*Asks:* 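Take this structure first; my questions come after.
Since we're looking at a predicted model, the values are computed, not measured. Along the sequence shown, residues are numbered consecutively beginning with 1.
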Amino acid sequence: MVQLYSVLKPGMVWILILLVLCRQVDAEASRAPSCEAKGAEDCQNTIAEVPPADCALWYAESTLPSSGYGIFAGRDFAQYEALISEDDVVIPIFAMRLHDPNRSSFFLWNEYTWDPYDMFMAHEGTSIRVASPGFGSLPNGVLDFFNVRNMKPHHDYAGLHRSRDTGTGAFSPYTRGSSAYTPVKAGDELFVDYGEQYFTGRKDQTKRLLPRRGDRATSRSLGELANVGTCMDNFAIKASTIKQAGKGAFAKRPLREGRRIAVLPLIHIGERKRLNFYKVVDAKQGIVDHSTITGQQLLLNYCFGHSKSTLLLCPYGLHTSFINHGANGTANVRLQWSTPERSNHNSSWLDRTPLEIGKETTAGLAMEVVATRDINVGEEVLMDYGNEWETAWERHASTWDPPVDNYVSAFQLNKDIEKVLRSEFEMEKIGASYPPNVQLKVNKAFGDPRQWKTALARNELEWWMHFIDSEWAACDIQQVEIASSSGERMYTARTKGKTETVMRNLPHSALRFFDKPFTSDIHLASAFRYPITIPDDMLPQVWLNVPG
């Protein structure tokens with residue numbers, strides 16, 4: 001060692017000493033018992049946070065007074081740059097008032113839902129609102145300023161088909177992305193456009209919330225976000241390794257054991273029956289037989305619940321809805337109640353009954369997702385959904401029978417729409433027809449060729465379609481021609497309805513197949529429905545209000 005010192009500079013000796021110490025710390029850590037081995041009580045608290053330096057999105061207290069928590073940029077984003085990929089799930093909710101046994105009871109989700117026309121979901125049924133538990137719920141919104149634009153959803157069934165897959169209809173196929181509407185600086189709070197209608201009847205609140213750049217800062221330093229916030233971009237979304245699960249959440253960076261990797265603010269539903277469908281006797285008159293349950297809302301699959309409680313807790317968080325069930329000990333994350341220092345969680349609510357919580361008009365509970373072991377980059381993040389959920393799934397899988405039909409979804413047709421589209425004349429000539437469950441529609445925004453042709457020339461047609469406010473109208477194809485300049489097929493469409501309009505020289509992008517109301521997979525009577533089980537050690541005694 002003396003000889004080694006003689007050829008090294010003093011600074012290099014200190015580096016060697018630090019390397020030895022680090023190896024000793026790592027060795028001690030490798031001998032330490034896992035979180036599960038320590039027991040639930042010792043696992044309750046996360047280890048000291050070491051925030052990732054490359055975190056792009058943070059969850060922290062909003063800069064707006066009385067606005068709870070919000071989302072902040074962890075780096076600069078250029079105008080129109082994607083904040084998140086097109087994997088932010090959106091979930092249709094149907095006819096809540098019609099199926100509500102009380103008809104006038106408050107439903108907190110109404111404060112977090114979006115218009116079905118903006119979400120390309122108006123075709124799914126009637127009286128629809130759309131839950132968007134990611135970027136549609138996390139950021140705040142104000143009237144005179146927004147720097148985030150949510151894109152139009154697309155849908156993807158992740159390779160599942162009702163003729164063979166037991167998981168068909170058990171998850172929403174709709175997802176969307178979000179982008180920076182203006183240039184965003186690191187530390188800026190992100191605001192979405194809620195629309196003017198959202199603030200109707202909220203005049204006093206609106207005046208209080210309006211951000212005025214002259215007298216109020218709407219950003220935080222990255223150091224502050226690292227100290228008081230939680231990184232919310234830990235997951236990448238792709239096809240799950242779990243059969244029948246659709247898509248899953250995968251680690252974007254190494255996630256160390258004991259780390260808080262997501263916060264889940266919770267929207268409460270005091271009575272689980274609010275998500276039931278009942279037998280509709282006369283929809284126009286609003287007559288429903290509430291003694292006959294015919295199904296449940298898809299939203300149920302995205303909520304936490306327990307068979308001994310009527311309370312449902314529906315989380316909203318960035319990509320956390322894609323965390324699938326880890327069976328047979330494969331789970332690598334767990335839940336725990338959050339703390340007021342990191343979320344909107346009010347621990348006093350754990351002493352209140354489901355009925356009392358159900359009357360609250362703002363969200364006041366939150367959970368956290370914590371790694372129970374080291375999770376490597378690219379590894380799927382899995383949570384134990386509980387014995388109740390697993391028993392329900394096994395029962396569903398063992399009794400499931402595929403529907404007897406030759407179903408072809410609009411999604412399948414749109415994948416090869418150029419090969420599928422035919423004029424009425426061509427269809428009659430070959431004796432063909434489109435599947436009875438779909439309807440062809442044209443985007444009326446293409447009625448002004450100057451706009452879409454400008455976007456096409458800039459190679460921005462798909463981007464343009466995400467941000468235009470447009471209406472899709474049922475149509476027939478009158479003629480198909482080949483453009484001399486490009487060799488592409490161009491279409492003449494005639495809209496249906498009271499006033500028919502002929503639109504000429506349309507690209508295939510202007511046309512799309514839509515599923516007819518109540519025909520898509522999410523409406524299948526055989527689709528799986530069951531909430532994720534709240535762990536017994538997290539369930540307050542006062543919540544156990546179901547007899548037996």
Side-chain angles (χ1 to χ4, degrees), residues 35-36 40-47 49 58-61 68-71 89 108-109 112 131 133-134 137-138 228-235 249 255 257-270 272 299-306 308-309 311-326 331-352 354 357-358 360 362-372 375 381-386 388-389 530-544:
C35 192
E36 292 95 333
E41 185 174 346
D42 290 331
C43 280
Q44 181 60 35
N45 297 315
T46 55
I47 63 175
E49 295 291 326
W58 290 90
Y59 175 79
E61 189 172 1
Y69 279 66
I71 293 293
V89 69
L108 183 57
W109 263 111
Y112 293 83
S137 298
L138 285 168
V228 301
T230 299
C231 181
M232 294 291 273
D233 76 332
N234 286 315
F235 308 132
L255 304 175
E257 178 187 343
R259 303 286 188 197
R260 175 193 300 106
I261 60 176
V263 174
L264 305 177
L266 300 164
I267 296 175
H268 53 267
I269 302 174
R272 181 166 168 168
L299 181 63
L300 182 67
N301 287 4
Y302 292 86
C303 299
F304 298 109
H306 197 284
K308 296 181 180 179
S309 178
L311 185 66
L312 288 175
L313 300 173
C314 308
Y316 59 98
L318 198 55
H319 290 158
T320 51
S321 297
F322 291 100
I323 300 177
N324 288 315
H325 173 55
N332 49 24
V333 298
R334 62 176 174 82
L335 295 171
Q336 69 180 25
W337 291 114
S338 188
T339 61
E341 293 78 18
R342 294 278 178 172
S343 68
N344 64 320
H345 183 66
N346 187 337
S347 58
S348 68
W349 283 31
L350 301 179
D351 298 322
R352 305 176 68 180
I357 293 174
E360 291 290 341
T362 57
L365 291 170
M367 295 178 182
E368 296 170 351
V369 180
V370 178
T372 56
I375 304 174
V381 178
L382 301 171
M383 177 191 301
D384 185 353
Y385 280 14
E388 286 183 12
W389 184 94
Y530 206 84
I532 302 166
T533 308
I534 300 174
D536 288 337
D537 60 359
M538 291 179 61
L539 191 69
Q541 190 73 22
V542 71
W543 289 4
L544 304 179

*Asks:* In the structure I gave you, are the side-chain heavy atoms of Trp58 and Cys231 within less than 4.5 Å of one another anywhere?
*Replies:* yes

*Asks:* Shortest non-hydrogen contact from Pro133 to Pro315?
*Replies:* CB-O, 3.8 Å

*Asks:* Using every non-hydrogen atom in the two residues, find where Pro354 and Leu311 come nearest and quote the distance to one decimal.
*Replies:* CB-CB, 4.0 Å

*Asks:* Does any part of the side chain of Leu318, heavy atoms only, come nearer than 4.5 Å to the side chain of Ile71, both counted from C-beta?
*Replies:* no

*Asks:* Do His325 and Asp384 come close enough that some side-chain heavy atom pair is under 4.5 Å?
*Replies:* yes

*Asks:* Going by salt bridge (charged side-chain N to carboxylate O under 4.0 Å, His left out), name the residues that satisfy it together with Asp233, two or more places apart in sequence or in a different chain.
*Replies:* Lys252, Arg253

*Asks:* Taking all non-hydrogen atoms of both residues, which atom of Val89 and which atom of Tyr302 are closest, and how far apart?
*Replies:* CG2-OH, 4.0 Å

*Asks:* Ring centres under 6.0 Å, that's the criterion: do Tyr316 and Tyr112 meet it?
*Replies:* yes

*Asks:* Hey, could you give me the CD1/OG1 distance between Ile261 and Thr230, rounded to the nearest 0.5 Å?
*Replies:* 11.0 Å

*Asks:* To the nearest 0.5 angstrom, please state how far the CG atom of Leu264 sits from the OG atom of Ser321.
*Replies:* 8.5 Å

*Asks:* Taking all non-hydrogen atoms of both residues, which atom of Leu382 and which atom of Gly326 are closest, and how far apart?
*Replies:* CB-CA, 3.8 Å

*Asks:* Distance from Asn332 atom CG to Ile375 atom CD1, nearest 0.5 Å?
*Replies:* 3.5 Å

*Asks:* Could you tell me how the ring of Tyr69 sits relative to the ring of Tyr59: parallel (under 30°), tilted (30 to 60°) or perpendicular (over 60°)?
*Replies:* parallel

*Asks:* Of all heavy-atom pairs between Ala331 and Met383, which one has the smallest distance, and what is that distance?
*Replies:* CB-C, 3.9 Å

*Asks:* What is the distance from atom CG of Leu313 to atom CE of Met538, rounded to the nearest 0.5 Å?
*Replies:* 9.0 Å

*Asks:* Please list, chain by chain and in numerical order, all residues satisfying salt bridge (charged side-chain N to carboxylate O under 4.0 Å, His left out) with Arg352, sequence neighbours excluded.
*Replies:* Glu360

*Asks:* Report the C-alpha distance between Tyr385 and Thr533 in whole Å, list the side-chain angles of each, state the deciding distance to 0.1 Å, and finish with yes or no for side-chain contact (heavy atoms from CB on, under 4.5 Å).
*Replies:* CA-CA 6 Å; Tyr385 280 14; Thr533 308; 5.8 Å; no

*Asks:* Restricting to non-hydrogen atoms, name the atom on Phe304 and the atom on Leu335 that form the minimum distance, rounded to 0.1 Å.
*Replies:* CE2-CD1, 3.5 Å

*Asks:* Parallel, tilted or perpendicular: which one describes the rings of His268 and Trp349, with boundaries at 30° and 60°?
*Replies:* perpendicular

*Asks:* Under the criterion side-chain contact (heavy atoms from CB on, under 4.5 Å), which of Leu266, Ile267, Ile269 is the partner of Leu312?
*Replies:* Ile269

*Asks:* For the CD atom of Glu368 and the CZ atom of Arg334, what is their distance to the nearest 0.5 Å?
*Replies:* 9.0 Å

*Asks:* Side chains of Leu350 and Leu365, heavy atoms from C-beta outward: is any pair under 4.5 Å?
*Replies:* yes

*Asks:* Could you check, using the six-membered ring where one of them is a Trp, whether Trp543 and His306 have ring centers closer than 6.0 angstrom?
*Replies:* no

*Asks:* Ser343: what forms a side-chain hydrogen bond (donor to acceptor under 3.5 Å, both in side chains) with it, not counting sequence neighbours?
*Replies:* Ser338

